[in-house]
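Order of listing sets the numbers, starting from 1, for every ligand and every atom in it. Please read all numbers here as calculations on a predicted model, not as lab measurements. Numbers here simply count residues along the sequence, with the first being 1.
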Amino acid sequence: MKKLIKNGTIVTASDTYTAEILIEDGRISQIGTNLSAQGAEIIDANGCLVIPGGIDPHTHLDMPFGGTVTKDDFETGTKAAAFGGTTTVIDFCLTTKGEPLKNAIQTWHAKSKEKAVIDYGFHLMIAEINENVLIELPYVINEEGITSFKVFMAYKNVFQADDDTLFRTLVSAKEHGALVMVHAENGDVIDYLTKKAIADGNKDPIYHALTRPPELEGEATGRAATLTGLANSQLYVVHVSCADAVEKIAEARSKGFNVWGETCPQYLVLDQSYLERPNFEGAKYVWSPPLREKWNQEVLWNALKSGQLQTLGSDQCSFDFKGQKDLGKDDFTKIPNGGPIIEDRLSILFSEGVKKGRISLNQFVDLTSTRAAKLFGLYPKKGTIAVGADADIVIFDPQVERVISAETHHMAVDYNAFEGMKVTGEPVSVLSRGDFVVRDKQFVGKPGSGQYLKRAKYNVNAPVNQNETLPI
Ligand code: URP
Ligand code: ZN
Ligand code: ZN
Ligand code: ZN
């Protein structure tokens, strides 16, 4: 049915203003003042911000990794995402060498179809480039609408691809109109340092960080950027954690290369010292790349502010502390990497970023939604509040204070990496294509209501996708 959102302050990546929003058939049909409310349900957004639903470009739901499977699947993960103000996730579809890409994509459809409560798309991992893969790429892009590929430069003997694969992926992506994403760490050197640490008897969680120094993230980021320039292609560096990597991205951008960077909440507010917490608690803070020395946080904040980094992903990849993280109790290399963040991405950026004056309100919207929509072929259907766009809308209370805790979060895991952190600002209600998923902080959505998104091709010269006119 029709809905009319009144009395709120609309915030987009470019504007902040007061107006009403009329929603019909899942889309925004009018924006203005004194709109006719006839036949419409009135939603009072008084005192709240009305923002485009968040787009989380980096999630791992129901993913096998580190000898186990992530705790949150497409149901619990997207539900928690919705509570946090995210209405679209783009998840990484894993592939295996020698297996048709089509099979991997079908596996990911099977994981998500009946479960997602918000809309979702997939990035595709590229493990190798050969004749079979090249034959399948047009299908992947044109039929599945998967227009971003992921290459891992780390996790040797698991996901890691070599430079030949990375370069060929960059060349193919350029040819077909896709964006190449990299996990940028030098996996070969990490492998050496890790084996050495274990041989020396250094098995505690802190050695996870010490065997993956920032130089190795900087080196891999620089290498990927150089290859991108050579291929005249396009690159998106996921989960940037440190100054070394920011420098390489900034340098590439100053040369005019199409290089983009994402960071994640954990790198903005947590640091390497967390890995030294006693009683194996440090395992809760094992990410790759690892948390860094605290001074890096300011570099990341400044990069968000200045535009050298353009998006905030969650890198949601959750494992229980008991029963999953503790697989590495006697050996840090066996701790599953990753953490639960999908729910608190917007709150943390708003509270630490906007409220503390580090970024503007419009930058907040750009970083959590609009830019990802543009880079990943979803704009202007997603990522903004405009006539014709999907009514993916968050009514966000900028004043409310709360404490992040596993006691109250909606993710399926038994801990929260931000436990005890005070944040200001929280979604009150969340709409996906005009329907409430969260209403007055209560879940009212339905598993399976999320739609699979076929995304448009990457086009840096027309990130406001000129081929896709709004359907109104
Ligand atoms: O530690 C992390 N980041 N786990 C998820 C997998 C990845 O590398 O993104
Ligand atoms: Zn409806
Ligand atoms: Zn990664
Ligand atoms: Zn990840």
(message) I'd like to know whether Glu75 forms a salt bridge (charged side-chain N to carboxylate O under 4.0 Å, His left out) with Lys79, so could you lay out the CA-CA distance, the side-chain angles of the two residues, the decisive distance to 0.1 Å, and finally the verdict.
(response) CA-CA 6 Å; Glu75 184 169 335; Lys79 194 170 161 183; 5.8 Å; no
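- Lys196 NZ: 12 or fewer foreign heavy atoms inside a 6.0 Å radius.
- Pairing each heavy atom of Leu170 with each of Ala231, the nearest pair is CB-CB, 4.1 Å.
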Hey, can you pull the donor-acceptor pairs under 3.5 Å for the side chains in residues 85-92, sequence neighbours left out?
from	atom 1	to	atom 2	distance (Å)
Thr86	OG1	Arg345	NH2	3.1
Asp91	OD1	Thr59	OG1	2.6
Asp91	OD1	His60	N	3.4
Asp91	OD1	Leu61	N	2.8
Asp91	OD2	Trp108	NE1	2.7

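- A salt bridge does not link Asp326 to Lys322: none of the charged side-chain nitrogens sits closer than 4.0 Å to a carboxylate oxygen.
- In this structure, ligand 1 sits under 4.0 Å from heavy atoms belonging to His58, His60, Phe65, Tyr155, His183, His239, Trp287, Ser288, Asp315, Cys317, Asn337, Gly338.
- Residues Lys156 and Asp188 are paired through a salt bridge, judged by an N-O separation under 4.0 Å between the basic side chain and the carboxylate.
- Stacking of Arg253 on the aromatic ring of Trp260 is recorded, both the 6.0 Å distance cut-off and the 45° axial limit being met.
- Atoms of the protein (N, O or S only) found under 2.8 Å from the Zn ion (ligand 4) are His58 NE2, His60 NE2, Asp315 OD1.
- Judged as a salt bridge (Lys or Arg N to Asp or Glu O under 4.0 Å), and not counting sequence neighbours, Arg455 has no contacts.
- A cation-pi contact, defined as under 6.0 Å to the ring centre and within 45° of the axis, is absent between Lys334 and Phe332.
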